[in-house]
Amino acid sequence: MSFMQKLKNKFTQNEETEEVSLKYKEGMKKSRTSFSGRINDLIARYRSVDEDFFEDLEEVLISADVGVMTVMDLIDELKMEVKRQNIKDTKDIKDVISEKLVEIYYGDDNEQIEGLAIKENELSVILVVGVNGVGKTTSIGKLANQLKQQGKKVVLAAGDTFRAGAIEQLEVWGERAGVDVIKQSAGSDPAAVIFDGIKAAKSRKADVLLCDTAGRLQNKVNLMNELAKVKRIIEREVPGAPHEVLLVLDATTGQNALNQAKTFSEATSVSGIILTKLDGTAKGGIVLAIRNELNIPVKFVGLGEQVNDLQQFNAHAFVYGLFADMLDE
């Protein structure tokens, strides 16, 4: 059975997996149209797998924002596999491409990289970072809602005290999800808010504290210093915390998201990515670039506006979303 057939079967096993596959299929329409469409054109144009074919494939992958380094690695892997399997006809290469995309994502890891590191029977602190405008506060609200549905007691700390309306926005999400929000007045010291949040989470015997943070200060250095200070407070108050540092990135910004990830991971040792607005872009390949070039797993992806459209990332479902039309043929 081909890899793509296995992929299709994996997502039509039961209602739960089918629901996941539908969300990815629907949410990745734009990426799929540009990516699969161009690969299909390529396969129609070339009868045999030769050097010219690989050059054009390289171009397709780079334009999907898979990242130059990742594309080079992928093309080398594909050439080796084509030689090993003695593939001559271009129509036989779709399967190899989809399999290699999944392999590139997981590397030597297994699928455990996608879940959140939540401690049992003790407080887990999750620090959420990212520049303004990427959907940070919304992602925190959606995440709080998910954790609450899983039976966790959640507290939010409104540490983005500099952006107008950020505290109020988090409070609205807190009300929606039915969780407490710890705040101070606008312009307060973010580290002091996070300190209060930890104290409140401990006294209320919460399972998870989600910390919002500033997304812009006078300059990049100030912002990174502020985040480092917040991280020090968390480390001092809860040994072993933060258990996750999640960086929120906007998928529609493509390579710019990769640059942001580099900057933030230098300051706060990012453990996972929340990639928002994946449904609004044709640049879905950025998922692979982030994973391969920065070795940071994507933990959640935004596949729509609804509260339950923040999906735990699944590389198989992602590749299924990219190739669904081909699988249905």
Side-chain angles (χ1 to χ4, degrees), residues 109-130 135-160 170-171 173-184 190-215 226-249 261 264-265 267-276 295-302 307-308 310-314:
D109 293 305
N110 59 17
E111 296 177 41
Q112 298 310 307
I113 55 173
E114 288 157 358
L116 283 179
I118 302 250
K119 295 279 173 194
E120 285 301 316
N121 305 318
E122 57 181 287
L123 178 64
S124 298
V125 182
I126 299 175
L127 185 63
V128 186
V129 301
K136 185 160 46 77
T137 308
T138 303
S139 296
I140 292 170
K142 289 180 178 180
L143 195 51
N145 189 65
Q146 274 190 28
L147 291 165
K148 177 93 187 291
Q149 285 176 349
Q150 289 163 19
K152 304 270 187 248
K153 184 164 187 182
V154 183
V155 172
L156 306 180
D160 187 358
L170 197 68
E171 282 185 297
W173 274 108
E175 278 172 32
R176 266 187 214 167
V179 302
D180 293 343
V181 177
I182 307 304
K183 59 167 188 171
Q184 289 186 16
V193 178
I194 303 303
F195 178 80
D196 285 354
I198 292 168
K199 286 279 173 273
K202 283 179 176 174
S203 73
R204 293 168 204 194
K205 296 196 166 27
D207 299 302
V208 183
L209 173 68
L210 287 170
C211 304
D212 196 2
T213 57
E226 189 59 64
L227 292 175
K229 182 177 156 191
V230 164
K231 196 163 176 262
R232 281 196 304 275
I233 294 282
I234 294 171
E235 285 164 349
R236 190 187 74 203
E237 296 303 315
V238 183
H243 302 95
E244 291 274 8
V245 179
L246 299 179
L247 170 63
V248 183
L249 296 172
F264 275 93
S265 53
T268 55
S269 56
V270 173
S271 62
I273 305 282
I274 297 177
L275 194 63
T276 63
N295 201 26
I296 303 170
V298 174
K299 300 255 179 177
F300 291 91
V301 287
V307 71
N308 58 354
L310 186 71
Q311 283 287 309
Q312 185 172 323
F313 182 70
N314 176 315

Item to check | Check: His243 side chain, Val125 main-chain N or O, donor-acceptor pair, under 3.5 Å | outcome: yes
Checklist entry - Does Lys136 reach the side chain of Val128, with side-chain heavy atoms less than 4.5 Å apart? => result yes
Checklist entry - Taking it one step at a time, do Ser271 and Ile296 satisfy side chain to side chain contact (heavy atoms under 4.5 Å, CB included)? => result CA-CA 6 Å; Ser271 62; Ile296 303 170; over 6 Å; no
Next on the checklist: Can you confirm whether more than 12 heavy atoms, excluding those of Lys183, are under 6.0 Å from its NZ atom?
Outcome noted: no
Checklist entry - If you measure from CD1 on Ile182 to CG on Leu209, what distance do you get to the nearest 0.5 Å? => result 8.5 Å
Item to check | Asn308: side-chain contact (heavy atoms from CB on, under 4.5 Å) partners, not counting sequence neighbours | outcome: Lys23, Gln306
Checklist entry - Can you check side chain to side chain contact (heavy atoms under 4.5 Å, CB included) on Ile140 and Trp173, steps first, answer last? => result CA-CA 8 Å; Ile140 292 170; Trp173 274 108; over 6 Å; no
Checklist entry - Donor-acceptor pair, Lys229 side chain versus Ala191 backbone, under 3.5 Å? => result no
Item to check | Residues which pass salt bridge (Lys or Arg N to Asp or Glu O under 4.0 Å) with Glu175, listed by chain and number, not counting sequence neighbours | outcome: none
Item to check | Note, Leu127 side chain near Leu246 side chain (heavy atom, < 4.5 Å) | outcome: no
Checklist entry - Can you list the residues that meet the side-chain contact (heavy atoms from CB on, under 4.5 Å) rule with Ala192, with sequence neighbours excluded? => result Gln184, Asp189
Item to check | Ser203 side chain vs Ala200 backbone, donor-acceptor pair below 3.5 Å | outcome: yes
Next on the checklist: So, using ring-ring contact (aromatic ring centres under 6.0 Å, His included) as the criterion, who are the partners of Phe264 when residues are at least two apart?
Outcome noted: none
Item to check | With Ser139 via side-chain contact (heavy atoms from CB on, under 4.5 Å) - residues at least two apart | outcome: Val248, Ile274, Thr276
Next on the checklist: Measuring only between side-chain heavy atoms, which start at C-beta, is Pro190 closer than 4.5 Å to Thr213?
Outcome noted: no
Item to check | Over all atoms of both residues, closest heavy-atom pair of Leu143 and Leu310 | outcome: N-CD2, 4.1 Å
Checklist entry - Do the side chain of Lys299 and the main chain of Gly115 share a donor and acceptor less than 3.5 angstrom apart? => result yes
Item to check | Residue pair Ile194 / Cys211: nearest heavy atoms and the distance that separates them | outcome: CD1-CB, 3.6 Å
Got a list of side-chain donor-acceptor pairs under 3.5 Å for residues 147-159, not counting sequence neighbours?
residue	atom	partner	partner atom	Å
Lys148	NZ	Ala177	O	3.4
Lys148	NZ	Gly178	O	3.2
Lys153	NZ	Arg204	O	3.0

Checklist entry - Checking side chain to side chain contact (heavy atoms under 4.5 Å, CB included) for the pair Val245/Leu247: CA distance, chi angles, key distance, verdict? => result CA-CA 7 Å; Val245 179; Leu247 170 63; over 6 Å; no
Item to check | Partner set under salt bridge (Lys or Arg N to Asp or Glu O under 4.0 Å) for Glu122, not counting sequence neighbours | outcome: none
Next on the checklist: Looking at Glu244 and Ile126, would you say the former's side chain and the latter's main chain have a donor-acceptor pair under 3.5 Å?
Outcome noted: no
Next on the checklist: Going by the rule side-chain hydrogen bond (donor to acceptor under 3.5 Å, both in side chains), which residues pair with Thr137 if we only count those two or more places apart in sequence or in a different chain?
Outcome noted: Arg163, Asp212
Next on the checklist: Quick check for you: to the nearest 0.5 Å, what is the distance between Thr268 atom OG1 and Leu227 atom CG?
Outcome noted: 6.0 Å
Checklist entry - Can you check whether Gln146 reaches Phe300 side chain to side chain, under 4.5 Å on heavy atoms? => result yes
Next on the checklist: Can you pull out every salt bridge (Lys or Arg N to Asp or Glu O under 4.0 Å) where at least one residue sits in residues 191-203? Sequence neighbours excluded, please.
Outcome noted: Lys199-Glu237
Checklist entry - For Phe313 and Val298, which heavy atoms make the closest approach, and how far apart are they? => result CB-O, 3.2 Å
Next on the checklist: The test is side chain to side chain contact (heavy atoms under 4.5 Å, CB included); show your working for Leu123 and Asp207 and say whether it passes.
Outcome noted: CA-CA 5 Å; Leu123 178 64; Asp207 299 302; over 6 Å; no
